[in-house]
Visitor: 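Mind looking over this structure? Questions follow.
Within every chain, numbering begins at 1; the chains are lettered A, B, ... in the order of the sequence lines, protein sequences first and strands thereafter.
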Protein chains: 2
Amino acid sequence: MTNKPATIKDIAKALNISVSTVSKALHDHPNIGAITKERVKAVAEKLNYSPNITAIQFKQQKTFTLGIIIPTLLDHFYTIAVNGFEKVATAAKYNVLIGQNQESLQREKELVSIMQSNRIDGLLIAISKETNNMEHLRKLEMAGIPVVFFARKPINETFSCVSSDVYHAAANAVDLFVSRGHKKIAFINGPSHWATSRDRFLGYRDGLLKHNIALDKQLIEESDLDTSSNYQVVRRLMHLSPAPTAMLLFKDYLMLDVMSCLRKEFPTEYPAIELIGYGALPLFSHFERPPLASLKEQPYEIGEQAGTLLLNMIQHPERDHKPQLISLPCTLHYFKEL
Amino acid sequence: MTNKPATIKDIAKALNISVSTVSKALHDHPNIGAITKERVKAVAEKLNYSPNITAIQFKQQKTFTLGIIIPTLLDHFYTIAVNGFEKVATAAKYNVLIGQNQESLQREKELVSIMQSNRIDGLLIAISKETNNMEHLRKLEMAGIPVVFFARKPINETFSCVSSDVYHAAANAVDLFVSRGHKKIAFINGPSHWATSRDRFLGYRDGLLKHNIALDKQLIEESDLDTSSNYQVVRRLMHLSPAPTAMLLFKDYLMLDVMSCLRKEFPTEYPAIELIGYGALPLFSHFERPPLASLKEQPYEIGEQAGTLLLNMIQHPERDHKPQLISLPCTLHYFKEL
DNA sequence: TTGTAAGCGTTATCAA
DNA sequence: TTGATAACGCTTACAA
């Protein structure tokens with residue numbers, strides 16, 4: 001049958017009243033009589049009326065849609081963050097448009113442009129590895145569309161950002177390593193232009209300092225986070241003499257590669273090497289030989305808080321929103337009983 | 001500065017021509033002079049004009065947005081399917097709205113309703129475990145919004161559906177088991193009202209038949225696919241005497257639980273038990289003791305084909321689209337060298 | 001080749 | 001308490 005959906009006009013006609021009365025009645029406007037409201041709602045129900053959101057969006061110049069851009073849906077850190085974000089968005093009657101930049105700046109720009117022409121009311125973003133220039137995001141801000149970063153933000157860029165307190169987490173990891181007798185503690189970091197990499201480094205550095213262990217530059221590596229790069233840095237570290245006996249790793253997905261590399265290429269050394277990553281992926285619970293521990297982050301809560309921040313900026317555009325940096329604590333999560 | 005975005009009206013005013021001329025010029029309409037087009041486009045560029053999509057959507061009664069509903073973003077099978085779907089959608093200039101039913105029928109209904117009032121042009125869906133009633137989806141169809149299923153479809157429901165050829169896959173798995181000397185081959189299936197469960201079963205049955213192995217009902221279990229249910233059925237199977245020496249599993253996420261359960265609760269029997277699941281999750285490559293094999297599905301291609309089917313229904317509503325069942329081959333993927 | 005004007009569904013302002 | 005009407009930005013049939 002493919003009937004055209006009913007409009008308020010249809011309701012008005014059916015009741016011989018005006019569209020404006022219908023509109024008000026449906027919105028429980030105070031100066032519409034109770035009986036009229038009843039009748040309007042009854043007819044709306046009967047005609048299976050559902051408001052045409054495209055008309056409302058057009059009329060109100062507001063889409064009640066938020067964008068979220070993440071590197072990939074295959075990383076559970078981000079999908080969990082999406083879920084937290086969706087929760088607060090849904091509660092505030094907003095829809096969520098999800099985009100994946102796939103670590104490509106060009107794709108990210110396209111997404112921002114698509115989202116902008118779809119008139120999103122605000123954007124939450126974890127930038128791509130390649131994103132070294134914030135022009136596309138500044139443009140959004142200029143157009144009055146608030147932008148909040150999460151997880152990744154370049155050092156020195158003034159945007160609000162919600163992330164993990166990786167600094168204290170790193171220091172705690174070092175504490176644990178030291179308490180277990182490690183002296184040669186390597187650190188594989190992520191891209192150095194991100195604040196979250198710098199903070200990890202600072203925590204690592206200060207952790208060592210506290211235990212009077214000198215910083216050894218040879219033990220510090222930076223990975224691109226792709227598998228070949230991950231393998232490379234592990235090889236470099238393992239060819240040092242003496243090789244490290246412990247490694248702090250930028251994130252658990254990196255840890256997976258590190259474990260594979262060690263198992264395949266350094267099988268004799270592997271059993272003695274202890275690892276700590278960031279993320280505390282549940283899948284490690286399925287491993288027979290899990291890593292020592294992981295710094296459990298709170299992606300769901302990060303998504304929630306970032307969403308709250310964003311909604312706040314949207315709903316109170318008149319206030320001046322100074323860029324805020326929020327960081328949520330990590331907890332040391334042991335995969336093995338110690 | 002937060003300037004209002006420029007409209008075609010602004011362009012028209014700037015050039016002292018009519019809005020319709022501007023509109024046509026921007027769309028390269030044939031009966032607009034080349035010089036006019038030039039001038040219009042130049043001004044559009046200068047004013048940083050970008051069409052107001054909400055206006056277009058409203059006017060055209062089309063949103064160029066497709067919905068996709070999946071159980072959860074945490075299952076890589078579905079996120080990869082989303083990626084395939086997005087590829088064809090993007091190529092056809094459609095946006096994609098992603099929703100997670102979280103295995104809840106109620107949530108699924110809400111999502112469908114939200115998507116409908118957002119005037120999606122079509123929907124791709126992998127229904128929730130609870131979905132035993134297609135009313136909400138029939139309603140969409142009635143409203144002229146095509147619906148395509150993927151991965152999961154109740155037996156006897158007439159909707160188009162794209163899924164894996166699980167029948168032949170199951171038979172192949174049984175072949176492999178038999179060739180490795182197994183006789184007691186258990187099968188843990190998913191919800192029995194899905195076609196994809198029935199087909200797995202039929203492949204398993206016919207596989208055994210081919211090798212003259214009698215079907216043993218005790219060796220067939222159905223799991224709810226949540227962890228506690230998964231553990232339960234493994235325990236039941238392992239308490240049989242003789243216990244099975246091989247297991248065919250509904251999917252790899254179920255296999256993870258099976259492996260954990262066997263390792264923890266049946267450590268002596270575990271090493272002799274061989275497992276085959278569906279999915280071929282890449283994460284198994286990180287396991288020291290991976291399962292025997294997995295029936296590799298093609299979620300990306302499933303997303304693509306389902307998207308193509310859906311777009312076809314949208315772009316040619318006049319044709320009559322009989323429900324189609326498409327199934328894509330699985331390949332046996334070995335995790336261990338045999 | 002260009003312009004005029006209607007109309008999409010809704011909300012909001014003002015008048016009755 | 002209710003109604004008439006303009007407006008949002010765009011497309012398009014038709015007129016000039």
Side-chain angles (χ1 to χ4, degrees), chain A residues 2-41 43-44 47-65 93 116-121 143-144, chain B residues 2-41 43-44 47-65 93 116-121 143-144:
Chain A
T2 309
N3 272 329
K4 284 232 164 154
T7 70
I8 49 173
K9 229 185 224 170
D10 299 320
I11 302 177
K13 223 175 285 174
L15 287 169
N16 245 311
I17 59 178
S18 77
V19 289
S20 56
T21 305
V22 173
S23 171
K24 286 173 198 154
L26 289 171
H27 288 86
D28 272 323
H29 194 281
N31 48 20
I32 293 291
I35 347 95
T36 316
K37 281 183 190 170
E38 289 281 313
R39 300 202 304 148
V40 167
K41 287 178 184 172
V43 175
L47 296 183
N48 196 17
Y49 170 78
S50 148
N52 182 335
I53 295 210
T54 63
I56 296 174
Q57 290 180 346
F58 169 52
K59 168 75 185 176
Q60 315 256 290
Q61 307 279 46
K62 235 183 154 274
T63 57
F64 287 95
T65 299
K93 307 280 180 204
Q116 182 164 16
S117 49
N118 274 283
R119 298 291 200 268
I120 52 166
D121 296 327
Chain B
T2 310
N3 271 331
K4 285 230 164 158
T7 70
I8 51 172
K9 227 186 226 168
D10 299 321
I11 301 177
K13 221 174 285 171
L15 287 169
N16 245 311
I17 59 180
S18 78
V19 289
S20 64
T21 306
V22 174
S23 172
K24 287 173 197 156
L26 289 171
H27 288 86
D28 272 323
H29 194 284
N31 49 20
I32 293 292
I35 348 96
T36 316
K37 281 183 189 170
E38 288 282 313
R39 298 203 303 150
V40 167
K41 286 178 183 172
V43 176
L47 296 183
N48 196 17
Y49 170 79
S50 149
N52 182 336
I53 294 208
T54 63
I56 296 174
Q57 290 181 345
F58 169 52
K59 169 74 189 177
Q60 315 256 290
Q61 306 280 47
K62 234 182 157 276
T63 58
F64 287 95
T65 298
K93 305 282 180 203
Q116 182 165 15
S117 51
N118 274 282
R119 297 292 198 270
I120 51 167
D121 296 325

Visitor: C/dA5, C/dT2, C/dT11: which one has an atom nearest the side-chain heavy atoms of A/Gln60?
Guide: C/dT11

Visitor: Closest approach to the side chain of A/Thr7, judged atom by atom: which nucleotide of D/dC8, C/dG9, D/dC10 is it?
Guide: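 When the side chain of A/Thr7 is considered, C/dG9 is the closest of D/dC8, C/dG9, D/dC10.
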
Visitor: Out of C/dT2, D/dC10, C/dT10, which has the shortest distance to the side chain of A/Pro51?
Guide: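 Among the listed nucleotides, the one closest to the side chain of A/Pro51 is C/dT10.
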
Visitor: Could you check which of D/dT11, D/dT5, D/dC8 has an atom nearest any side-chain atom of A/Phe58?
Guide: D/dC8

Visitor: In whole angstrom, what separates A/Ile11's CD1 from D/dT2's C1'?
Guide: 16 Å

Visitor: Can you find a side chain N or O atom of B/Thr21 that sits less than 4.0 Å from OP1 or OP2 on C/dT2?
Guide: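 No.
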
Visitor: Could you check how far CG of A/Asp10 sits from C1' of C/dG9, rounded to whole Å?
Guide: 10 Å

Visitor: Evaluate B/Ile17 against B/Val40 for side-chain contact (heavy atoms from CB on, under 4.5 Å), listing each step before the verdict.
Guide: CA-CA 9 Å; B/Ile17 59 180; B/Val40 167; 3.8 Å; yes

Visitor: Please evaluate residues B/Lys41 and B/Asp28 with respect to the criterion side-chain contact (heavy atoms from CB on, under 4.5 Å), reporting the C-alpha separation (whole Å), side-chain torsions for both, the decisive distance (0.1 Å), and the verdict.
Guide: CA-CA 10 Å; B/Lys41 286 178 183 172; B/Asp28 272 323; 3.0 Å; yes

Visitor: Indicate, with a heavy-atom threshold strictly under 4.0 Å, whether A/Lys24 touches base, sugar-phosphate, or nothing.
Guide: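 The answer is base, as A/Lys24 lies within the cut-off (heavy atoms under 4.0 Å) of a base atom.
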
Visitor: Please say whether more than 12 non-hydrogen atoms of neighbouring residues, nucleotides or ligands are located less than 6.0 Å from NZ in B/Lys62.
Guide: yes

Visitor: From CZ of A/Arg39 over to P of D/dT1, roughly how many Å is that when rounded to an integer?
Guide: 15 Å

Visitor: With distance as the sole test, does A/Asn118 use its side chain to make a donor-acceptor pair with the main-chain N or O of A/Ile120 at under 3.5 Å?
Guide: no

Visitor: Is B/Gln57 near enough to C/dC8 that one of its side-chain N or O atoms lies under 4.0 angstrom from OP1 or OP2?
Guide: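 So the side-chain polar atoms of B/Gln57 never come under 4.0 Å of the phosphate oxygens OP1 or OP2 of C/dC8.
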
Visitor: Counting side-chain heavy atoms from CB outward, which of D/dC10, D/dA6, C/dT2 is closest to A/Lys59?
Guide: D/dA6

Visitor: For B/Gln61 and C/dC8, give me the distance from atom CD to atom C1', rounded to whole Å.
Guide: 6 Å

Visitor: How is A/Asn52 classified with respect to the nucleic acid when contacts are heavy atoms under 4.0 Å: base, sugar-phosphate, or nothing?
Guide: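 Counting heavy atoms under 4.0 Å across all strands, the contact made by A/Asn52 is with sugar-phosphate only.
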
Visitor: Among C/dG3, D/dT11, D/dA6, which is the nearest nucleotide to the side chain of B/Val19?
Guide: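 Between C/dG3, D/dT11, D/dA6, the one nearest the side chain of B/Val19 would be D/dT11.
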
Visitor: Just compare C/dT11, C/dA5, C/dT1 and give me whichever is closest to any side-chain atom of B/Asn31.
Guide: C/dT1

Visitor: Is it true that a side-chain atom of A/Thr63 and a backbone atom of A/Arg119 form a donor plus acceptor pair closer than 3.5 Å?
Guide: yes

Visitor: May I ask you to evaluate whether B/Ser23 reaches the phosphate of D/dT11, defined as a side-chain N or O under 4.0 Å from OP1 or OP2?
Guide: yes

Visitor: In whole angstrom, give the distance that lies between atom CD of A/Glu38 and atom P of D/dT2.
Guide: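 Distance check: A/Glu38 CD to D/dT2 P gives 13 Å.
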
Visitor: Would you mind telling me which residue lines up with the more 5' stretch of DNA chain D, B/Ala55 or B/Ser20, judged by nearest nucleotide?
Guide: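 Between the two, 5'-proximity favours B/Ala55.
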
Visitor: Using a 4.0 Å heavy-atom cut-off, does A/Ile56 contact any base of the nucleic acid, only the sugar-phosphate backbone, or nothing at all?
Guide: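 The residue A/Ile56 makes sugar-phosphate contact but no base contact.
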
Visitor: Just how far, in rounded Å, is P of C/dT2 from NE2 of B/His27?
Guide: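 Whole-Å distance recorded here is 17 Å.
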
Visitor: Which nucleotide in the set D/dT2, C/dT2, D/dT11 lies at the smallest distance from any side-chain heavy atom of B/Ile32?
Guide: C/dT2

Visitor: With heavy-atom distances below 4.5 Å as the criterion, would you say the side chains of A/Tyr49 and A/Leu26 are in contact?
Guide: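 When only atoms from C-beta onward are counted, A/Leu26 and A/Tyr49 do touch, with a gap below 4.5 Å.
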
Visitor: Write down the distance between NE2 (A/His29) and P (D/dG3), rounded to a whole number of angstrom.
Guide: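 In whole Å, D/dG3 P and A/His29 NE2 are 14 Å from each other.
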
Visitor: Given atom NZ of A/Lys13 and atom P of D/dA4, what is their separation to the nearest angstrom?
Guide: 14 Å

Visitor: Do the side-chain N or O atoms of B/Thr54 get closer than 4.0 angstrom to the phosphate oxygens (OP1, OP2) of D/dG9?
Guide: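 For D/dG9, neither OP1 nor OP2 has a side-chain N or O of B/Thr54 closer than 4.0 Å.
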
